[in-house]
Amino acid sequence: MREGRSQMDKILAEYRSRIGDFEVVEIDEDRIAQIRAEIDIDAPLDLHWTWNYGNEVEELAALYERGKKGQWNAETDIDWTADLSRDEWFLPRENVQLLPTLLTAMGADEEKCKAAAFDESAFTISQLLHGEQAALQICGQLTNSCPTMDAKFYAASQVTDEARHVEVLSKLLQRKFGTIYPIGATLKVLLDRLLQAPTWKTKTLGMQTLFEGVAVGILDVIQKGSTNPLLSDIIRRVKQDEARHAAFGILTMRRTVQSATGEEMVEMEDFAFGILEALNANQQLDMLNVLGPKYDLDPHAVVQMAMGLPNWAEINSELFMHTVVPNLVRLGLITERTEEKYRGVGIMHGDRFGSGIDEDIRASMN
Ligand SMILES: [Fe+2]
Ligand SMILES: [Fe+2]
């Protein structure tokens, strides 16, 4: 992992400021426009041939087989005639999304809360969509650079999965939400880091372990909360695929960790913390700056208020403790050296292993 040392510096250091005691990442508007305009990026890649066409990694071959069976068609397998509209609560009013929870607590009327919930859903799904595009591109890179044919087969099958996710989420947004929000600048910077990471190991750690891990957490929350059949069906299908991708991350990183030197382990540990810390340090300000003013909410006041809650760390860590942190712990990539840092910024809370392995991931590993 050649880039390791630079990861010791905080990602997005120039956009750090403080809200209360907490250091946040907030990118200014001019720079956001520039970051979004960077659509051609240099991504050096080590392409790797292999002449061994036999199975070398049994568990990846099994995952590839599972992927072949799990294919579905985003156009014809989804009932696109089903409704999803601004007029319905398709997620719980409170405790799933930030804006309706907050507005309800402030005594806002039902219409305002519902409108905010709809907009926040569209924003979140838009960010998932942009993440899917990054996954599509990274899996293309992995197909080139992975060392074994089993890994290349698997990565190629994930390319198809990610193309389908880009298709289904963009259709959902265009057909039902009527809008696609632009990518959050913090997310774009972090995804570029993964796309530009020089080795397939770092890309796998970054995409399949970190980002897919966070994505499985988000999808699980939506899946459990959704009362809309169309949304439920789409999220269920996407999450089953994502669980397979997260399983690839675990299986591949397990082997990588076993053969890593002490120095490589430190680099991977710091890379993982650096990415998750920057994502967490944004504290949804990318969303709040877009949607907050529309609902008379001051983004900084919202963050300050959230952090003042007695159970802030528990609420904040929920998404991370779902899959990504327990997986990093199991891989040995959160150690005594780094655990306090994770706890200090509210990414890790309570039991190191969270509440256990996600069911879809467990099914993909069997
Ligand atoms: Fe995906
Ligand atoms: Fe994925």
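Since we're looking at a predicted model, the values are computed, not measured. Order of appearance sets the numbers: ligands from 1, and atoms from 1 within every ligand.
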Hey, are the side chains of Leu297 and Leu102 touching, using non-hydrogen atoms and a 4.5 Å cut-off? yes
Within a strict 2.8 Å cut-off of the Fe ion (ligand 2), protein N/O/S atoms tallied 5
May I ask you to decide whether Asp296 forms a salt bridge with Lys112, counting only side-chain N to carboxylate O separations under 4.0 Å? yes
For the pair Glu38 and Arg31, find out whether any cationic side-chain nitrogen is under 4.0 Å from an anionic carboxylate oxygen. yes
Donor-acceptor side-chain pairing of [X] and [Y] below 3.5 angstrom:
X: Gln71; Y: Asp161; value: yes
X: Asp286; Y: Asn282; value: yes
X: Thr202; Y: Thr199; value: yes

